[in-house]
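Below, chains carry the letters A, B, ... as their sequence lines are ordered, and counting in each starts from 1.
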Amino acid sequence: MPLVLYNTLTRAKEAFEPLVPGHVGMYVCGPTVYDRAHIGNARPVIVFDVLYRLLRTLYPSVRYVRNITDVDDKINQRAKDSGEPIAAITERTTRMFHEDMAALNCLPPDVEPRATAHVAQMIAMIETLIAKGHAYAAEGHVLFAVASMSDYGRLSRRSQDEMIAGARVEVAPYKRDAGDFVLWKPSTDDLPGWDSPWGRGRPGWHIECSAMSLQHLGQTFDIHGGGQDLVFPHHENEIAQSTCANGAPFARVWLHNGWLMVEGEKMSKSLGNFFTVRDLLDQAADEKQGGEAIRLAMLSTHYHQPFDWTADGLRQAKATLDRLYTALRGVAGIDSNGYHQVPIDVLAALEDDINTPLAISHLHELATALNKAAGLEDKARHKGALLASGHLLGVLFQDPEAWFKAAPAGGLADAEIEAMIAARAEARKARNFAEADRIRAALLEQGVALEDGAGGTSWKRG
RNA sequence: GGCCGGGUGGCAGAGUGGCUAUGCAGCGGACUGCAAAUCCGCGUACGUCGGUUCAAUUCCGGCCUCGGCCUCCA
């Protein structure tokens, strides 16, 4: 089965073929590092992490580039407000971003370029654009001339007339066209700046991705991803810059994940429904369990759809993982190493435009099959299939015991629980069921549930 | 106003021109000292009005409705 992806450029699902057989280049817009990642930031990272994992199983060589935007007016503003130096803010925020995404079990990209390390390349690209008549300098700024590009607006499917009609901000007087956008802008002494042919200044927002994708993936590459909100203007402008400067096609397939809502409303600080990844991780029994549940919750809706983040959705994701880990816990002693293979239906679901909800439904079916499996061979086979499938989605990496025993601060220690279970076992042996039930109820009160099985009593928190 | 994406059973959420999505919740049964977990069974959903078709939730059109984007928010 071929990998099929929905390409925003053509608004259609297309069979994916790498430009160079066996080699895939993917660029995804990364964070602007001025604050903790919120759950909306996490969605593209998780979605494209699944794609990255899938690509790595399908192709021998994948180069995944995700940038760090460390020069930006929001960062400047943050520094001005807090007094913390810019470099300290970006360094600290980058570190926190890495921690949070690791907690969500997202693999690091192969290359993580920082904008400030590519200013020379940006300046070179801007010079090329000017030389080719696609950009002009005016009052210390350099602007891209949208009129110089015949099919500007192709990605977002809007004509320049529409954009002018819809413009809701004041058009700077030095712009030739209302739609012209900034490639370079002047910096005052208190702002970060680099020497350039147009004086000391800093890059506009879009040029960094054009410069960094060229540096790390070349002129034409396979996949470019990001949030749907970036279609216009960011990605439209990247296309304009790169195709005009390079004289070559840019990204071949454009992927965009849908917007994230919270409890049916747009997430915003003023509505009080603004969560960072860290907030949610801190609310979980432990970081690994929380991260895995957040990740599965995110993947329970197709990436292209709007995602409604809800407390109930997170609870359901946790319940799903409980079920899957329950199945795995039952076969903990069975070696499945020889059977670590992703079943065809799971692979087919993901190859069909990353249909993670369908893939998850197959995980459920695998768990049912595993629960029903009688022979050793059957159990090993289903266990291997479930684990391999989970790993492709980036879940089920934990030891089931660790999953169920994830302990929040406070509460009963493992040893205390074990002692109570031992006491209950004595009571049961003596057929003192009243006492046995009392102990079980007492544990449940503390959030510990018992399950009597053939091989003894197991327990879990939460 | 322009462009785009949705409206599926109590809930979440896939998908399909005729055949069970899946899970959670609910109900019944098996198992259990009782539970829990697990397994089995059940409940026959596709905004609305038309059209195409032997057949539409699935294609086409109108309408209603929700949401997003329209110069720097992933």
Side-chain angles (χ1 to χ4, degrees), chain A residues 8 11 28-32 37-48 69 72-74 144 146 153 156-159 161-172 175 178-182 185 204-206 225-234 236-237 256-261 264-268 297 299-302 304-308 310 312-320 322-324 326-327 329-330 349 352 355-365 367-368 370-372 428 431-434 436-437 440-441 444 449-454 457-460:
Chain A
T8 306
R11 308 284 154 105
V28 174
C29 290
T32 301
H38 57 70
I39 51 176
N41 299 124
R43 168 120 105 142
V45 180
I46 292 170
V47 164
F48 291 109
T69 298
D72 181 277
D73 286 349
K74 285 192 295 293
F144 185 92
V146 293
S156 56
R157 305 222 167 164
R158 56 189 84 206
S159 71
D161 293 346
E162 283 165 5
M163 282 181 279
I164 292 162
R168 56 182 185 187
V169 294
E170 238 175 285
V171 178
K175 286 188 180 180
D180 290 354
F181 57 90
V182 171
K185 52 192 168 186
W205 176 35
H206 316 297
Q228 207 141 53
D229 53 301
L230 295 182
V231 172
F232 188 87
H234 184 53
E236 194 71 72
N237 292 347
H256 293 97
N257 61 276
W259 190 267
L260 184 134
M261 312 272 290
E265 290 182 301
K266 184 168 175 168
M267 180 170 69
S268 73
L299 295 176
S300 67
T301 295
H302 186 91
H304 207 254
Q305 296 287 105
F307 180 87
D308 191 12
T310 62
D312 192 57
L314 183 60
R315 185 196 58 73
Q316 281 218 27
K318 162 80 163 53
T320 295
D322 280 341
R323 177 171 140 79
L324 301 178
T326 296
R329 189 186 210 181
D352 183 11
N355 193 338
T356 52
L358 187 59
I360 292 168
S361 82
H362 294 315
L363 254 51
H364 278 291
E365 287 162 357
T368 300
L370 179 55
N371 286 332
K372 285 160 73 171
R428 289 182 75 205
R431 301 198 67 77
N432 183 355
F433 295 121
D437 290 353
R440 185 170 64 194
L444 196 58
L450 301 190
E451 288 166 21
D452 296 328
T457 298
S458 60
W459 61 272
K460 61 187 179 188

Nearest whole Å is fine: how far is [N] [atom2] from [X] [atom1]?
X      : N     : atom1 : atom2 : result
A:E365 : B:G23 : CD    : P     : 7 Å
A:W259 : B:C3  : CH2   : P     : 22 Å
A:L314 : B:A12 : CG    : P     : 16 Å
A:L299 : B:U22 : CG    : P     : 21 Å
A:H364 : B:U38 : NE2   : P     : 11 Å
A:D437 : B:A36 : CG    : P     : 12 Å
A:L230 : B:A74 : CG    : P     : 7 Å
A:I360 : B:A21 : CD1   : P     : 19 Å

Taking the side chain of [X] as its heavy atoms from C-beta onward, which of [options] lies nearest to it?
X      : options             : answer
A:L260 : B:A36, B:A74, B:G23 : B:A74
A:S361 : B:U22, B:C73, B:C70 : B:U22
A:K185 : B:G33, B:C72, B:C69 : B:C72
A:P357 : B:A14, B:C39, B:U71 : B:A14
A:D452 : B:G23, B:C34, B:G68 : B:C34

Would you mind classifying the nucleic acid contact of [X] as base, sugar-phosphate or nothing, using non-hydrogen atoms under 4.0 angstrom?
X      : answer
A:E236 : nothing
A:H302 : sugar-phosphate
A:R323 : sugar-phosphate
A:G226 : sugar-phosphate
A:N371 : sugar-phosphate
A:Q305 : sugar-phosphate
A:H234 : nothing

Using the [atom1] atoms only, state how far [M] lies from [N], rounded to an integer number of Å.
N     : M     : atom1 : result
B:C24 : B:G43 : C1'   : 15 Å
B:A30 : B:A37 : C1'   : 14 Å
B:C66 : B:G47 : C1'   : 11 Å
B:C19 : B:A55 : P     : 15 Å
B:A21 : B:A45 : C1'   : 12 Å
B:U16 : B:C73 : P     : 36 Å
B:C40 : B:C4  : C1'   : 46 Å
B:U57 : B:A14 : C1'   : 13 Å

Notebook entry, point to check: Which residues pass the side-chain contact (heavy atoms from CB on, under 4.5 Å) test with A:D452, sequence neighbours left out?
Noted result: A:R424, A:R428, A:R440, A:T457
Margin query: So, using ring pair (Phe, Tyr, Trp, His ring centres under 6.0 Å) as the criterion, who are the partners of A:H206 when residues are at least two apart?
Written below: A:F181, A:H234
Report yes if at least one side-chain N or O of [X] is closer than 4.0 Å to OP1 or OP2 of [N]; otherwise report no.
X      : N     : value
A:K74  : B:C73 : yes
A:T301 : B:G13 : yes
A:N355 : B:G15 : yes

Could you tell me whether the side chain of [Y] reaches within less than 4.5 Å of the side chain of [X], counting heavy atoms only?
X      : Y      : answer
A:T368 : A:R323 : yes
A:H364 : A:T320 : yes
A:M267 : A:I39  : yes
A:H362 : A:E365 : yes
A:N257 : A:F48  : yes
A:P31  : A:N41  : no

Find every protein N or O atom lying less than 3.5 Å from an N or O atom of nucleotides 8-11 of chain B, and list the pairs.
none

Next item on the list: May I ask you to verify whether the side chain of A:R11 and the base of B:C4 hold a donor-acceptor pair under 3.5 Å?
Entry: no
Item checked: Donor-acceptor pair present, A:R440 side chain and B:A35 base, under 3.5 Å -> yes
Using a cutoff of under 3.5 Å, can you pull out all pairs of nitrogen or oxygen atoms linking the protein to nucleotides 27-29 of chain B, with atom names and distances?
none

Check: Would you call A:D73 and A:K185 a salt bridge, using N to O less than 4.0 angstrom?
Finding: yes
Next item on the list: Under 3.5 Å for both distances, Watson-Crick or G-U wobble, that's the pair rule; now give the dot-bracket for RNA chain B, with | marking pairs to another strand and [ ] for crossing ones.
Entry: (((((((..(((.....[...))).(((((.......)))))....(((((..]....))))))))))))....
Distances under 3.5 Å between nitrogen or oxygen atoms of protein and nucleotides 40-45 of chain B:
{"from": "B:C40", "atom 1": "OP1", "to": "A:K372", "atom 2": "NZ", "distance (Å)": "2.7"}

Check: Within a reach of under 6.0 Å around CZ of A:R431, are more than 12 heavy atoms found that belong to other residues, nucleotides or ligands?
Finding: no
Check: Can you check whether A:S458's main-chain N or O pairs, donor with acceptor, with A:E451's side chain at less than 3.5 Å?
Finding: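 Checking the backbone N and O of A:S458 against the side chain of A:E451, no donor-acceptor pair under 3.5 Å is found.
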